[in-house]
Amino acid sequence: TLTVAKHPRMDSGNWLVSAPWLHDNLRGVKVLDCSWYLPFMNRNTKSEFLNAHIPGAQFFDIDGIKDLTKADLPHMLPPPESFGLSMDKFGIANGDHVVVYDTAGVGPACRVFWTFRAMGHNKVSVLNGGLPAWTAQGFKTEMGEPEPATNKEKYMARPVDGLVCDYTTIVKNIGELKASAGANGKQIVDARPHDRFTGKAPEFRPGLSSGHMPYAISVPFTKVTEAADPTHPQVATLKTPAAICKTFEAAGVDLNRPIVTSCGSGVTAAVLYFALLNAGVSEQNLTLYDGSWTEYALNPYSEIVKDE
């Protein structure tokens, strides 16, 4: 069992902030709407943003702020320079406290949280419950394009290598797991729905095999959130640190060993990453496989396991 830090206080020193905290501190932070949905869901997140967003928020396009050289992978981590240019357009400086949110509750905003951390920007928090939590409190939203912003000084991204895992590293890690029957190497924790993990259900991408990496452990991302307030069942918030630990331990994850999170394309893997961080797991023990299952399964040399 992991020695758990107490439930994070909802203040600026923490990764998780509440809607009332954000409402009280709105003038002192920069807010980004990071909503994103799978393509087949046919949601236009930009038009939804224009229809209703937290006052002063700007729209962070996960499919736009990315590595444009990797055409077959939908939203890989952007190069530091292009991330910096995006921050300049948002008027976000290196020292700013950024609060990210989405319309799912605790979802794609975690991907953007991880992106900021990977770019060396540590003052970033996720709004617990996202826009649904904000509106459930009766707080106002605004419509339309935000005011254009400018930066007084150029944003400088300072990438942190340890937070990002690539294909070569994951394959090497699988080799370590196989050679030691799972005892050595980073534990691979997969956030996709369990039926895609076992190979029973297909992947959303046509022609992409489902299944999982050797020695991977299934923890669907939906298991780390809950509708904690019965009066607002539409609001999904992060479970308590103790409940998060219990979820991972029940799946067979050793929280004192290094972990790499993975999913379909690197979005929900960040939900697990964020949950583990909030549960007290050291960031030095956490990494995210950026290309995730899409990159892994597209490679004909990858070993794919399907459970009968």
Side-chain angles (χ1 to χ4, degrees), residues 36 62-84 86 108 110-122 124 157-180 182 184-192 196-197 203-205 207-219 221 253 257-277 281-305:
W36 176 89
I62 286 176
D63 285 333
I65 301 171
K66 63 175 184 179
D67 187 341
L68 298 168
T69 65
K70 295 177 179 165
D72 57 340
L73 300 170
H75 29 244
M76 296 284 276
L77 199 65
E81 301 75 25
S82 73
F83 181 80
S86 296
C110 298
R111 167 75 192 188
V112 180
F113 171 92
W114 172 80
T115 300
F116 271 96
R117 302 288 294 187
M119 293 293 164
H121 192 121
N122 290 335
V124 57
R158 297 178 180 89
V160 180
D161 289 341
L163 299 187
V164 190
C165 176
D166 60 15
Y167 180 81
T168 309
T169 309
I170 204 81
V171 170
K172 187 181 167 203
N173 187 67
I174 289 167
E176 286 178 44
L177 289 165
K178 285 173 72 177
S180 63
N184 300 322
K186 292 181 177 178
Q187 301 163 101
I188 301 166
V189 185
D190 194 320
R192 290 173 302 149
R196 281 165 59 197
F197 176 89
E203 289 297 313
F204 297 121
R205 185 169 175 148
L208 191 72
S209 172
S210 57
H212 61 85
M213 298 173 216
Y215 285 95
I217 300 164
S218 173
V219 181
F221 76 97
V253 179
R257 273 180 63 198
I259 294 165
V260 53
T261 63
S262 181
C263 62
S265 62
V267 175
T268 59
V271 177
L272 297 188
Y273 166 91
F274 184 69
L276 287 161
L277 201 55
V281 173
S282 164
E283 197 165 35
Q284 292 172 324
N285 268 354
L286 292 173
T287 183
L288 185 148
Y289 177 24
D290 195 17
S292 278
W293 185 251
T294 301
E295 181 180 52
Y296 184 81
L298 278 174
N299 192 310
Y301 296 101
S302 296
E303 183 182 345
I304 292 174
V305 180

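Side chains are part of it too, since the values below use all heavy atoms of this structure and drop only hydrogens, waters and symmetry mates.
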Donor-acceptor contact present, side-chain [X] to main-chain [Y], <3.5 Å:
{"X": "T294", "Y": "G264", "value": "yes"}
{"X": "S262", "Y": "Y289", "value": "no"}
{"X": "W114", "Y": "L163", "value": "yes"}

Enter the distance from [X]:[atom1] to [Y]:[atom2] here, rounded to the nearest 0.5 Å.
{"X": "N285", "Y": "I259", "atom1": "CG", "atom2": "CD1", "result": "7.0 Å"}
{"X": "D161", "Y": "T169", "atom1": "CG", "atom2": "OG1", "result": "10.0 Å"}
{"X": "S265", "Y": "E203", "atom1": "OG", "atom2": "CD", "result": "10.0 Å"}
{"X": "K66", "Y": "S82", "atom1": "NZ", "atom2": "OG", "result": "11.0 Å"}
{"X": "R257", "Y": "N184", "atom1": "CZ", "atom2": "CG", "result": "7.0 Å"}

Quiz item: Cut-off 3.5 Å, side chains only: do D63 and W36 have a donor facing an acceptor?
Solution: yes
Practice problem: Go through the steps for R192 and T268 under the test side-chain contact (heavy atoms from CB on, under 4.5 Å), then give the verdict. | Solution: CA-CA 7 Å; R192 290 173 302 149; T268 59; 5.5 Å; no
Self-check item: Aromatic ring pairing F116/H121, orientation class (parallel under 30°, perpendicular over 60°, tilted between)
Solution: perpendicular
Exercise. Report the relative orientation of the aromatic rings in H212 and F197; use parallel for angles under 30°, tilted for 30 to 60°, perpendicular for over 60°.
Key: parallel
Exercise. Quick one: do L77 and T115 satisfy side-chain contact (heavy atoms from CB on, under 4.5 Å)? Show the steps, please.
Key: CA-CA 7 Å; L77 199 65; T115 300; 3.8 Å; yes
Quiz item: Does K70 come within less than 4.0 Å of E295, counting only side-chain N to carboxylate O?
Solution: no
Give the minimum heavy-atom separation between [X] and [Y], together with the two atoms involved.
{"X": "L286", "Y": "L276", "value": "CD2-CD1, 3.7 Å"}
{"X": "S209", "Y": "A297", "value": "O-CB, 4.0 Å"}
{"X": "P80", "Y": "P159", "value": "CG-CG, 3.4 Å"}
{"X": "A269", "Y": "T261", "value": "O-OG1, 3.0 Å"}

Quiz prompt | Sub-4.5 Å side-chain heavy-atom contact between L298 and L208 | solution = yes
Could you pull out every donor-acceptor pair under 3.5 Å between side chains of residues 171-179 and any protein atom, sequence neighbours left out?
residue, atom, partner, partner atom, Å
N173, OD1, K186, N, 2.7
N173, ND2, K186, O, 2.9
K178, NZ, E303, OE1, 2.6

Exercise. Quick one: do Y215 and V305 satisfy side-chain contact (heavy atoms from CB on, under 4.5 Å)? Show the steps, please.
Key: CA-CA 9 Å; Y215 285 95; V305 180; over 6 Å; no
Quiz item: After noting the C-alpha distance and the side-chain angles of M213 and W293, does the key distance pass the side-chain contact (heavy atoms from CB on, under 4.5 Å) rule?
Solution: CA-CA 8 Å; M213 298 173 216; W293 185 251; 4.0 Å; yes
